[in-house]
**Q** 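Sharing a structure, written as structure tokens. Questions coming.
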Amino acid sequence: HARRENLPVVQYSAAMAEQASSRLAMVRQLRQAHERGEFELHFQPIHRLHDGSVAAVEALLRWRQADGSYISPAQFIPLCEESGLIVPIGAWVLEEAARVHARLVEIGCGDVAIAVNVSAVQFEADMNPGAIRRLFERHALPPHALHLELTESVLLRHPDDARVLMRTLRDEGLCLSIDDFGTGFSSMAYLRELPLDHLKIDRAFVRDVTGDARSAAICRALIALGHGLGLAIIAEGVEEAAQLEWLRAHGCDQAQGYHLGRPMPIDALLARLAGGPVP
Ligand code: C2E
Ligand code: CA
Ligand code: CA
Ligand code: CA
């Protein structure tokens with residue numbers, strides 16, 4: 001008995017101490033990366049399905065390494081959220097997105113909106129109408145040009161506060177999207193209550209939409225549900241022409257994915273929007 005109880009405890013604490021110190025080191029690196037300006041935004045176009053035009057671009061965070069390669073946010077966002085670093089980083093993302101929109105205006109693409117991901121931690125700690133209004137003013141950013149992508153986790157901790165804040169932000173004129181819909185603790189109750197503009201179908205459902213009857217049933221249901229609530233539906237992770245055709249045929253409004261365009265640096269985005277080829 002003693003052996004069974006003691007041994008694992010010793011092993012766990014050693015492993016945990018090691019993990020904790022490497023996490024601390026990683027948080028230190030992330031803070032430095034932020035201070036040194038090693039974060040960048042890449043942009044992925046979101047196309048309207050009825051005419052192929054670009055409705056918005058999603059800003060996606062990248063950590064640029066010394067060798068020019070990039071680290072994906074999936075690898076560091078969770079740690080940024082736990083450590084609270086996501087608050088200053090998220091504030092920088094909003095500023096940068098607003099600066100980029102000014103460049104879209106310069107090339108005559110001011111009607112293309114910028115969609116920004118906002119973590120639950122950042123939403124609670126740092127989002128307020130005053131700050132958003134100042135952001136709009138500083139950059140002469142028209143409110144409807146900013147879309148905030150929120151996940152269901154925003155609503156878990158303080159649903160009433162979140163709802164009030166969402167209403168206030170939306171009164172300021174910006175658009176709200178519910179991201180990764182269907183993958184978390186989806187609840188019809190909050191869909192009914194929340195002021196939303198877009199529902200994004202997670203790529204987990206889009207991936208098998210042409211081959212798997214269940215995925216197709218879920219996508220059909222999400223499109224009908226969203227439309228019933230007056231929301232525009234955006235499908236994520238479209239990698240094949242057949243998926244795009246299925247979505248178009250079933251009334252999905254907009255789509256993004258590698259088939260339409262990978263996330264790209266600002267210069268590539270500007271070149272692409274200026275050229276304006278329609279897939
Ligand atoms: P997300 O918001 O669901 O973003 C979509 C992810 O899918 C992006 O991954 C994008 O590069 C990827 N993607 C787009 N099209 C395709 C496709 O056709 N196939 C596949 N397999 N993947 C596709 P990425 O850029 O690695 O971002 C991962 C997650 O990190 C995002 O998921 C978002 O939750 C988070 N994130 C990214 N930027 C930010 C940010 O500025 N702030 C916050 N809080 N979170 C961010
Ligand atoms: Ca997103
Ligand atoms: Ca998503
Ligand atoms: Ca996702």
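Indexing begins at 1, ligand by ligand and atom by atom, following the structure's order.
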**Q** Suppose we only count N/O/S atoms under 3.0 Å; would E149 qualify as near the Ca ion (ligand 3)?
**A** no
**Q** Run the contact test for Q256 against ligand 1 with a 4.0 Å cut-off on heavy atoms, strictly below, and give the result.
**A** no
**Q** Taking NZ, NE, NH1 and NH2 as the nitrogens, is one of them in R64 or E40 under 4.0 Å from a carboxylate oxygen of the other?
**A**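 A salt bridge links R64 with E40.
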**Q** Out of D180, V238, I77, who gets a non-hydrogen atom closest to atom 45 (N) of ligand 1?
**A**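 Shortest heavy-atom distance from atom 45 (N) of ligand 1: I77.
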**Q** Name of the E58 N, O or S atom nearest the Ca ion (ligand 2)?
**A**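 The Ca ion (ligand 2) is closest to the E58 atom OE2, counting only N, O or S.
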**Q** If the threshold is 4.0 Å, N to carboxylate O, is there a salt bridge linking R99 and E96?
**A** yes
**Q** Does at least one non-hydrogen atom of G237 fall below 4.0 angstrom from an atom of ligand 1?
**A**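 In this structure, G237 qualifies as a contact of ligand 1 - some heavy atom is under 4.0 Å.
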**Q** Among the N/O/S atoms of D179, select the one at the shortest distance from the Ca ion (ligand 2) and name it.
**A**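 So the atom name we want here is OD2.
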**Q** Quick one: does R62 get within less than 4.0 Å of ligand 1, heavy atoms only?
**A** yes
**Q** Establish, from distance only, whether the side-chain atoms of E81 and S119 form a donor-acceptor pair under 3.5 Å.
**A** yes
**Q** Looking at E58 and K200, does any basic side-chain N land under 4.0 Å from a carboxylate oxygen?
**A**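 A salt bridge links E58 with K200.
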**Q** Taking the minimum heavy-atom distance to atom 7 (O) of ligand 1, which of R203, H259, E240 ranks first?
**A**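 Selected option, by shortest heavy-atom distance: R203.
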**Q** Is the Ca ion (ligand 3) less than 3.0 Å from at least one N/O/S atom of D180?
**A**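 Yes.
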**Q** Got a salt bridge between R163 and E193, using NZ or NE/NH1/NH2 to carboxylate O under 4.0 Å?
**A**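 Salt bridge between R163 and E193, a charged N being under 4.0 Å from a carboxylate O: yes.
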**Q** Assess whether a salt bridge exists between R203 and E239, defined as any Lys/Arg side-chain N lying under 4.0 Å from an Asp/Glu carboxylate O.
**A** no
**Q** Within S177, is some N, O or S atom less than 3.0 Å away from the Ca ion (ligand 2)?
**A** no
